[in-house]
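Contents: one structure, followed by commentary.
Basis for what follows: all heavy atoms, side chains included, without hydrogens, waters or symmetry-related copies. None of the values given here were measured: they were computed from a predicted structure. Along the sequence shown, residues carry numbers from 1.
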Amino acid sequence: MGCHSSRFCRQCGAVAALDKAQESGEGREECNLFRVRADCPETLNLSVLAVSVAYGEQDYIVFSVIDETENREREAMEQIFFHDVLNLAGGVHGMMEIMNEPLRKYNERAAETVLSATERLINEIRAQKVVSEAKNGQLDRSDQGLRSRRFLEELTTLYQGYWPNGPKIRVAPQCVEIEFLSDPALLGRVLGNMIKNAAEASQANQVVTLHCDAADERLQFSVHNETAIPKELRLNVFRRGFSTKGKGRGMGMHSIKLLGERYLGGTVGFRTSEDKGTLFYLNLPRG
């Protein structure tokens with residue numbers, strides 16, 4: 001038996017792509033094949049493309065196949081990991097909430113620290129899950145009505161807990177309070193990474209300032225710190241994997257660009273100088 005001759009071919013993505021190419025000129029589908037290699041069964045996840053091409057008096061179909069097996073397996077493992085680790089972290093946080101009151105009687109500061117740490121752990125896991133879904137093209141927006149100044153004040157409270165001894169994180173006095181629509185999780189991830197980057201570049205006695213300004217149908221969120229980015233590093237700020245903090249870092253700044261522009265529909269950039277420090281901004285449409 002050859003290709004296109006078994007009962008399973010009715011559900012085959014390769015055959016569907018060929019049929020579409022004959023009908024409309026192009027077909028793109030996924031095809032799953034089962035094979036046994038070294039007595040070990042495995043499934044191949046293939047992305048197939050068929051395009052109808054006329055050459056002379058003959059019609060041909062150009063057929064290409066990309067093996068996506070490793071990518072699909074990695075995505076599945078990531079989903080399992082995030083599901084399990086979020087459940088575990090949520091369970092630990094729930095136990096800490098139950099035990100928090102008795103612990104306060106012995107050491108109030110330690111009780112608050114542990115509870116805050118579990119909240120931060122859950123937030124970091126969720127944030128990384130968002131970035132993973134964005135990289136895999138699986139992220140969906142969920143817009144809500146938000147208020148600009150209130151949103152920044154909540155971020156200030158959250159991230160000041162990361163640096164209780166400084167730098168000081170504050171909202172600018174002239175920050176506007178205006179209603180707009182956006183996805184709070186994605187926006188929080190973008191601005192949160194800006195805040196973390198600014199705080200890590202600051203001294204304990206310096207200030208990180210959050211601001212929002214409105215003009216026409218645009219909002220500009222910004223995060224400012226007092227330290228300039230060295231000239232030799234400025235061209236690589238948003239490059240994936242680039243970091244001044246060592247190998248394996250740099251995904252935070254890359255995710256700012258990815259989430260801010262591809263998923264929130266805004267524009268991301270920065271300005272830096274020795275006398276004015278560094279300002280990262282996100283321009284968003286108000287709607």
Are [X] and [Y] close enough that some pair of their side-chain heavy atoms sits under 4.5 Å apart?
| X | Y | answer |
| --- | --- | --- |
| L121 | H93 | no |
| L264 | S182 | yes |
| V190 | L186 | no |

What ring pair (Phe, Tyr, Trp, His ring centres under 6.0 Å) pairs are there with at least one residue in [range], not counting sequence neighbours?
| range | result |
| --- | --- |
| residues 196-230 | F180-F221 |
| residues 50-79 | none |
| residues 140-171 | Y159-Y162 |

Which heavy atom of [X] sits nearest to which heavy atom of [Y], and what is that distance?
| X | Y | result |
| --- | --- | --- |
| A14 | C31 | N-CB, 3.9 Å |
| A228 | T278 | CA-OG1, 3.5 Å |
| L284 | G266 | CD2-CA, 4.0 Å |
| G260 | V268 | CA-CG2, 4.1 Å |
| L191 | V223 | O-CG2, 4.4 Å |
| I122 | G90 | CD1-CA, 3.9 Å |

Shared hydrophobic cluster, [X] / [Y] (ILVMFWY, side-chain heavy atoms < 4.5 Å):
| X | Y | result |
| --- | --- | --- |
| V48 | L44 | yes |
| M194 | L233 | yes |
| V207 | F280 | no |

Nearest 0.5 Å, please: how far is [atom2] in [Y] from [atom1] in [X]?
| X | Y | atom1 | atom2 | result |
| --- | --- | --- | --- | --- |
| L187 | L282 | CG | CG | 6.5 Å |
| N225 | I195 | CG | CD1 | 11.5 Å |
| L103 | M96 | CG | CE | 5.0 Å |
| C212 | L152 | SG | CG | 6.0 Å |
| Q160 | N165 | CD | CG | 9.5 Å |
| N197 | I229 | CG | CD1 | 7.0 Å |

>> For the backbone of I178 and the side chain of S148, can you confirm whether one donor and one acceptor N or O come within less than 3.5 Å of each other?
In response: yes
>> Please check: side-chain N/O of D143 versus main-chain N/O of D183, any donor-acceptor pairing under 3.5 Å?
In response: yes
In chain order, what residues pass the side-chain contact (heavy atoms from CB on, under 4.5 Å) check against [X], with sequence neighbours excluded?
| X | answer |
| --- | --- |
| T157 | none |
| A21 | A50, I61 |
| A16 | E29 |

> Stepwise, does the side-chain contact (heavy atoms from CB on, under 4.5 Å) test hold for F270 with R234?
Replying inline: CA-CA 9 Å; F270 72 95; R234 295 174 187 177; 4.2 Å; yes
> Does the side-chain contact (heavy atoms from CB on, under 4.5 Å) test come out yes or no for L219 and N283, once each step is laid out?
Replying inline: CA-CA 6 Å; L219 284 178; N283 289 329; over 6 Å; no
All salt bridge (charged side-chain N to carboxylate O under 4.0 Å, His left out) counterparts of [X], not counting sequence neighbours:
| X | value |
| --- | --- |
| E26 | R28 |
| E68 | none |
| E179 | R147 |

>> Who clusters with L279? Use side-chain heavy atoms, under 4.5 angstrom, across I, L, V, M, F, W and Y, and order the result by chain and number.
In response: Y281
Contacts under 3.5 angstrom, residues 166-174 side chains, donor-acceptor by atom type, not counting sequence neighbours:
none

> Taking it one step at a time, do N45 and E30 satisfy side-chain contact (heavy atoms from CB on, under 4.5 Å)?
Replying inline: CA-CA 7 Å; N45 302 113; E30 288 194 1; 6.0 Å; no
>> Tell me which pairs pass salt bridge (charged side-chain N to carboxylate O under 4.0 Å, His left out) where either residue lies in residues 150-167, with sequence neighbours left out.
In response: R149-E153
